Amino acid sequence: MAKNMDAYWMPFTANRQFKKSPRLLARSQGMHFWTPEGREILDGVAGLWCVNAGHARPKIVQAIAEQAAELDFAPSFQMGHPKAFELAEQLVKLTPQGLNKVFYTNSGSESVDTALKMAIAYQRARGEGSRTRLIGRERGYHGVNFGGISVGGIVANRKMFGTLLAGVDHIRHTHDPARNAFSVGLPQHGAELADDLERLVALHDASTIAAVIVEPVAGSTGVLLPPKGYLQRLREICDRHGILLIFDEVITGFGRTGQPFAAQTFGVTPDLMTVAKGLTNGCVPMGAVFASDKIHDAFMNGPEHLIEFFHGYTYSAHPLACAAALATLETYADEGLLTRAAQLEGYFADALHSLKGLPNVIDIRNIGLVGGVELAPLPGDPAKRAFNVFLDCWEHGLLVRTTGDIVALSPPLIIEKPQIDRIVDVLGAAIKRNA
Ligand SMILES: Cc1ncc(COP(=O)(O)O)c(C=O)c1O
């Protein structure tokens with residue numbers, strides 16, 4: 001154990017609070033973590049929305065170990081290794097129709113910046129070089145790189161970092177508690193919020209807009225669901241104006257909403273899709289962008305010996321990540337995990353909505369195995385009440401996540417009903433204790 005904790009500057013963490021009262025995880029298996037002292041913690045958030053098949057799954061563990069011994073690294077620029085191709089072939093069997101090309105990255109943030117660059121370069125390749133503008137959405141989270149925070153809409157993630165990318169605008173978010181609070185599943189009201197894109201088309205002209213990026217379900221901002229018909233309408237408006245639609249499925253990908261991808265759950269196919277997290281069950285960092293044939297093929301011209309897309313990472317298609325992802329897909333398939341959230345959705349929704357009526361609970365939202373419980377902020381002290389609930393859950397053996405005053409749940413897809421009950425019991429008791 002480290003003698004002191006000073007050297008490690010922790011990401012997205014209240015460092016001073018943490019170091020006064022550390023929360024350490026030392027081991028994991030299935031639905032649980034254990035602290036160094038051996039205290040069991042039920043994982044209510046799949047680590048960080050990524051360990052969809054649960055922890056330390058044998059096939060994945062073995063695949064990583066064997067891969068490290070066989071081929072530890074291989075360059076992916078002008079070279080390849082068999083598992084990178086095998087994985088892409090497997091992945092496009094799962095993706096929505098037409099998304100048949102896979103570009104590898106190492107994280108969600110890199111996937112987002114890759115997709116944004118692909119969109120702008122595609123528009124140029126097809127002779128529409130004036131389309132450089134990118135449109136995001138208020139409250140969106142697209143990782144922390146400059147492209148991602150530029151199209152993102154979470155003020156704390158943006159305000160410290162200067163002027164960000166030029167030529168970015170945002171459509172309105174879809175959160176409307178006055179009309180939609182305590183909706184079970186998709187909210188009824190708000191499809192017309194997609195028309196906000198028409199406002200930006202009128203302002204900037206479609207000929208300047210390359211792409212729109214949204215999360216089908218906004219996760220990190222606190223689980224905001226798309227109103228019924230909203231994503232369809234966004235798709236229609238994009239088509240009308242030659243604008244690419246990018247779905248950021250870093251959280252929703254790999255079974256979270258009851259289908260392999262939220263695009264399938266909602267019946268709307270984007271032109272580009274970003275993934276990470278569940279791709280390798282969180283075991284080795286890896287992300288990917290799925291691109292339509294149309295986009296990919298637009299790049300495939302010019303002399304054959306020349307690189308078509310000047311982009312990539314040293315660790316794109318890393319052999320350990322490819323091995324982990326292949327074993328992850330096998331585990332998902334063996335256990336039917338990519339559709340399991342659909343089977344549990346009703347039970348999870350009932351359990352979660354049973355928290356309605358507890359002190360300070362002002363909204364509850366759910367889809368598949370994602371839940372959000374919004375609390376009234378402590379007067380003058382935003383985010384404190386939910387943070388206290390998070391600490392209370394931790395003390396009582398449950399890991400949840402909070403953002404602002406929203407508690408988010410996204411348990412591993414292997415969860416059993418008694419574990420759903422336990423999550424809701426511990427969370428409910430914590431909410432009462434912190435009233
Ligand atoms: C929708 C979305 N996009 C991008 C990211 C960034 O992923 P990473 O932290 O792997 O860079 C996240 C992470 O939570 C996310 O939820």
Side-chain angles (χ1 to χ4, degrees), residues 10-13 44-52 103-119 134-154 156-158 161 165 170 173-175 211-226 231 245-257 261-263 265-266 270 272-290 313 315-316 318 321 324-325 328 365 367-372 399-404 406 408-410:
M10 300 173 70
F12 274 123
T13 296
V45 282
L48 200 46
W49 310 77
C50 49
V51 185
N52 288 4
F103 194 99
Y104 295 116
T105 73
N106 307 292
S107 67
S109 299
E110 287 182 3
S111 296
V112 166
D113 277 44
T114 299
L116 298 176
K117 288 173 74 175
M118 255 181 205
L134 301 167
I135 307 290
R137 187 169 59 186
E138 294 168 359
R139 297 194 63 167
Y141 183 68
H142 301 293
V144 292
N145 291 344
F146 267 107
I149 58 171
S150 300
V151 293
I154 296 181
N157 295 351
R158 293 163 52 88
F161 308 110
L165 282 189
H170 295 76
H173 65 73
T174 63
H175 192 32
V212 173
I213 182 167
V214 293
E215 303 158 87
V217 174
S220 298
T221 192
V223 186
L224 304 183
L225 302 176
L231 292 172
L245 179 61
I246 307 172
F247 275 179
D248 185 349
E249 294 232 20
V250 166
I251 274 179
T252 49
F254 301 99
R256 184 55 55 199
T257 64
F261 300 99
T265 304
F266 299 129
L272 291 162
M273 201 160 99
T274 55
V275 296
K277 297 195 189 258
L279 171 56
T280 55
N281 203 36
C283 298
V284 180
M286 185 180 222
V289 178
F290 301 135
Y313 303 95
Y315 303 120
S316 289
H318 193 284
T328 296
R365 306 184 278 274
I367 185 162
L369 279 173
V370 187
L399 185 63
V400 300
R401 244 192 96 61
T402 61
T403 171
I406 300 160
L409 297 170
S410 59

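Start at 1 and go down the list; that is how both ligands and their atoms are numbered. These figures come from a predicted structure and were not determined experimentally.
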Any donor-acceptor pair under 3.5 Å linking the side chain of [X] with the backbone of [Y]?
| X | Y | result |
| --- | --- | --- |
| R256 | V370 | no |
| T174 | P226 | no |
| D113 | G147 | yes |
| S111 | V275 | yes |

Ligand-protein N/O pairs under 3.5 Å (ligand 1):
| unit_1 | atom_1 | unit_2 | atom_2 | d |
| --- | --- | --- | --- | --- |
| ligand 1 | 3 (N) | D248 | OD1 | 3.3 |
| ligand 1 | 3 (N) | D248 | OD2 | 2.7 |
| ligand 1 | 7 (O) | G108 | N | 3.4 |
| ligand 1 | 7 (O) | S109 | N | 3.4 |
| ligand 1 | 10 (O) | G108 | N | 2.9 |
| ligand 1 | 11 (O) | G108 | N | 3.4 |
| ligand 1 | 11 (O) | S109 | N | 2.7 |
| ligand 1 | 11 (O) | S109 | OG | 2.6 |
| ligand 1 | 14 (O) | K277 | NZ | 3.0 |

For K277 and W49, which heavy atoms make the closest approach, and how far apart are they?
CD-O, 3.5 Å

With a 6.0 Å cut-off on ring centres, are F290 and F261 close enough?
yes

